[in-house]
Amino acid sequence: MKRHFDVLVVGAGSAGSVVASRLSEDRSCQVGLIEAGVMPSDPDIADPLKWTMLQGRAYDWAYRTVPQPFTANRVHEWPRGKIVGGSSCLHAMAYVRGHPDDFEPWAAAGGERWSFSGLLPDFVRSEAFTAFDAPSRGRSGPLDVYLPDAEVSPVVRAYMAAGRAMGISALTDHNSGELAGTSPNSLNIRAGRRLSVADAYLPPEVRARPNLALLTAHEVEHLLLEGQRATGVAVVRDGETTTVSADRIVLCAGAVSSPLILMRSGIGDADTLKQAGIRCLADRSDVGRNLQDHLLVLGNVYSTKKPLPPSRLQHSESLMYLHGSDITRSTGSPDIVLACVVAPSAADGLSAPPYGSAFTILCGVTHPTSRGRIAPSGPGRADAPIIDPHYLETEHDRAVFRTALKTARTIGHHPALDEWRDVEVLPGSAVRSDADLDAFVASAASTHHHPAGTCRMGGDADAVVDPDLRLNGFDNVFIVDASVMPTIPSGPINAAVVAIAETWAAASPSA
């Protein structure tokens with residue numbers, strides 16, 4: 001097996017699948033793609049209705065946070081994909097680019113190519129969208145974006161009708177203009193089956209390219225460094241440590257693993273590394289910091305007057321992005337999000353009615369101001385990471401969550417839902433004061449599975465990567481994944497991760 005490559009991509013998830021696929025289109029470029037997991041074999045992954053059941057299986061890294069003081073001191077499960085396709089094999093399949101305003105901090109950090117208009121050609125290039133024609137939509141890209149119609153649940157249709165009756169904009173979809181409003185979710189589904197990013201970008205004919213080698217079940221321990229260059233990586237397979245070398249290394253391991261690989265390599269905050277028993281080779285204080293994630297309250301649950309037909313999609317069928325101060329406002333980046341789920345959805349420790357007898361309106365904050373960190377607990381890959389998202393640490397986040405929950409309840413009690421709604425089960429009629437709402441949010445807030453920002457891009461000296469996504473201080477190491485996001489977009493981040501990878505691969509900076 002070849003052990004030296006022109007480019008070595010670490011991680012075959014949403015970013016790595018794109019980068020390896022695009023770079024290997026140049027048949028003169030020898031590309032290696034390393035993945036800690038293996039090819040998918042569990043049939044449940046392909047079933048859109050079973051995504052909620054995949055957590056904790058063999059292909060889940062099964063991370064856990066430290067206790068969070070502002071979420072009732074709870075430890076949060078953080079599933080991440082350890083599989084070809086990464087977390088796009090686990091997520092809820094919703095495809096949301098984000099609002100154009102979301103990318104203004106990216107442009108300020110890295111230049112116009114990271115603005116929404118700069119990224120738009122790569123959003124277009126990546127997608128296959130056929131619901132309607134629009135200049136901003138792609139038709140022939142690898143990644144199917146499916147906009148449901150007839151399959152949308154009747155209770156979700158009533159929820160969207162409630163929003164429209166309250167003056168909330170009716171959108172064609174979430175990706176063809178403004179984001180504030182209501183629409184069925186666009187989904188990465190093809191012919192009724194989940195379409196992971198690896199399914200889209202690494203089909204058999206791509207994996208068969210003679211200049212592309214996919215190395216599965218290879219866990220990266222650390223980078224091999226010589227001065228300002230990396231010569232390769234140390235990997236473990238079947239208990240044996242070996243090395244893979246390359247002229248250029250691209251970390252696509254995600255917002256958890258990319259900073260951990262850097263820190264295990266001696267690149268990070270000197271004090272943090274010392275506490276983990278790692279010799280510091282390059283003091284970079286921001287590695288692992290700036291951690292951002294979306295939370296959702298699970299949830300505002302309503303029992304139904306009659307049996308609720310099961311979802312024909314993936315349970316969570318409609319996101320509703322809003323401005324909490326004026327839900328009728330249709331322009332600008334929204335600050336809250338609701339989601340109608342065709343099932344009872346309650347956080348651990350809360351009880352809800354049986355499936356088929358309840359629906360849920362989730363709610364969340366699109367632009368949290370709390371910032372957390374990721375750090376190693378020890379020098380090796382087997383040492384569990386310290387994940388501290390600092391959930392709800394700022395008063396801003398707590399206040400906006402309060403608004404989001406109040407808005408969810410207002411819509412949940414709208415007459416448009418009278419045919420379905422029986423009683424509010426959670427949080428329940430007794431929960432009314434701001435103090436009670438805050439306590440419920442603390443007990444019910446759970447990750448939306450969107451960690452980002454831990455190797456942020458910027459033009460300043462403290463940024464982890466520069467605007468070319470090159471690791472600052474090193475000549476031939478790049479990071480291309482959600483960790484480079486300076487700020488988190490409004491919605492699910494997978495679409496933006498694909499666009500980042502497309503943009504970087506198209507520019508393909510030389511080592």
Side-chain angles (χ1 to χ4, degrees), residues 1-41 45-46 59 81-89 121-122 124-128 138-144 188 190-191 193-220 230-233 235 237 242-254 469 476-481 494 497-511:
M1 183 179 292
K2 187 175 179 62
R3 310 305 292 186
H4 180 85
F5 300 93
D6 297 323
V7 180
L8 182 63
V9 181
V10 177
S14 293
S17 295
V18 176
V19 170
S21 179
R22 292 305 192 191
L23 294 186
S24 63
E25 290 173 354
D26 175 0
R27 297 306 173 93
S28 69
C29 182
Q30 298 294 319
V31 179
L33 176 58
I34 285 185
E35 168 56 42
V38 297
M39 292 293 295
S41 60
I45 292 173
Y59 42 84
K82 184 181 181 181
I83 193 169
V84 175
S87 296
S88 72
C89 291
D122 292 298
V124 171
R125 187 160 89 114
S126 69
E127 75 171 354
R139 296 184 65 86
S140 57
L143 188 64
D144 291 35
N188 292 134
R190 176 187 291 169
R193 295 167 62 86
R194 172 197 293 275
L195 184 73
S196 76
V197 180
D199 292 332
Y201 279 85
L202 296 173
E205 62 271 23
V206 172
R207 299 199 305 273
R209 290 172 181 167
N211 63 319
L212 175 61
L214 173 59
L215 310 179
T216 59
H218 284 64
E219 291 194 37
V220 172
T231 60
V233 296
V235 297
R237 177 178 168 83
T242 185
T243 62
V244 181
S245 63
D247 298 330
R248 191 176 4 157
I249 295 173
V250 188
L251 291 183
C252 299
L469 307 190
N476 67 331
V477 180
F478 299 84
I479 305 176
V480 184
D481 57 31
N494 198 59
V497 169
V498 171
I500 289 169
E502 284 274 19
T503 296
W504 183 86
S508 190
S510 59

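Nothing fancy with the numbering, it's 1 onward along the sequence. Atom set for the values below is all heavy atoms of this structure, side chains included, hydrogens, waters and symmetry mates excluded.
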Does the side chain of [X] reach to within under 4.5 Å of the side chain of [Y], using non-hydrogen atoms?
{"X": "Pro210", "Y": "Arg27", "answer": "yes"}
{"X": "Val220", "Y": "Ile34", "answer": "yes"}
{"X": "Val38", "Y": "Lys82", "answer": "no"}
{"X": "Val480", "Y": "Leu251", "answer": "no"}

(message) As a quick check of understanding, evaluate side-chain contact (heavy atoms from CB on, under 4.5 Å) for Ile45 and Ile83, giving each step before the final call.
(response) CA-CA 11 Å; Ile45 292 173; Ile83 193 169; 3.6 Å; yes

(message) Is it the case that the side chain of Asn211 and the backbone of Gln30 share a donor-acceptor pair, with hydrogens and angles ignored and the cut-off at 3.5 Å?
(response) no

(request) Measure from the side-chain N and O atoms of Ser24 to the backbone N and O of Ser21, and report whether any donor-acceptor pair falls under 3.5 Å. (result) yes

Checking [X] now: which residues fulfil side-chain contact (heavy atoms from CB on, under 4.5 Å) with it, not counting sequence neighbours?
{"X": "Ala499", "value": "Leu119, Phe123"}
{"X": "Ala505", "value": "Arg22, Leu23"}
{"X": "Pro203", "value": "Glu205, Val206"}
{"X": "Ser88", "value": "Ser14, His91, Ser196, Val197, Asn494"}

(request) For Val84 and Thr216, run side-chain contact (heavy atoms from CB on, under 4.5 Å): C-alpha distance rounded to whole Å, both residues' side-chain angles, the deciding distance at 0.1 Å, then the answer. (result) CA-CA 8 Å; Val84 175; Thr216 59; 3.9 Å; yes

(message) As a quick check of understanding, evaluate side-chain contact (heavy atoms from CB on, under 4.5 Å) for Val250 and Ile479, giving each step before the final call.
(response) CA-CA 6 Å; Val250 188; Ile479 305 176; over 6 Å; no

From [atom1] ([X]) to [atom2] ([Y]), nearest 0.5 Å:
{"X": "Phe478", "Y": "Ser508", "atom1": "CZ", "atom2": "OG", "answer": "8.0 Å"}
{"X": "His218", "Y": "Leu33", "atom1": "NE2", "atom2": "CG", "answer": "11.0 Å"}
{"X": "Glu219", "Y": "Glu35", "atom1": "CD", "atom2": "CD", "answer": "9.5 Å"}
{"X": "Leu143", "Y": "Asp199", "atom1": "CG", "atom2": "CG", "answer": "9.5 Å"}
{"X": "Arg3", "Y": "Thr243", "atom1": "CZ", "atom2": "OG1", "answer": "7.5 Å"}
{"X": "Ser17", "Y": "Tyr201", "atom1": "OG", "atom2": "OH", "answer": "9.5 Å"}

Go through the structure and list residues passing side chain to side chain donor-acceptor pair (under 3.5 Å) with [X], not counting sequence neighbours.
{"X": "Ser245", "answer": "His4"}
{"X": "Ser28", "answer": "Asp26"}
{"X": "Arg237", "answer": "none"}
{"X": "Ser126", "answer": "none"}

Set of salt bridge (Lys or Arg N to Asp or Glu O under 4.0 Å) partners for [X], sequence neighbours left out:
{"X": "Arg139", "value": "Asp133"}
{"X": "Arg125", "value": "Asp122, Glu502"}
{"X": "Arg190", "value": "Asp144"}

(request) Would you mind telling me which of Ile249, Leu214, Val31 makes a side-chain contact (heavy atoms from CB on, under 4.5 Å) with Val9? (result)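 For Val9, the side-chain contact (heavy atoms from CB on, under 4.5 Å) check succeeds only for Val31.
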
Could you report the tightest heavy-atom contact between [X] and [Y], atom names first, then the distance?
{"X": "Pro40", "Y": "Cys89", "value": "CG-SG, 4.3 Å"}
{"X": "Glu127", "Y": "Gly138", "value": "OE2-N, 2.9 Å"}
{"X": "Ala246", "Y": "Val7", "value": "CB-C, 4.4 Å"}

(request) Go through the steps to decide whether Phe5 and Asp247 satisfy the test side-chain contact (heavy atoms from CB on, under 4.5 Å), and finish with yes or no. (result) CA-CA 7 Å; Phe5 300 93; Asp247 298 330; over 6 Å; no

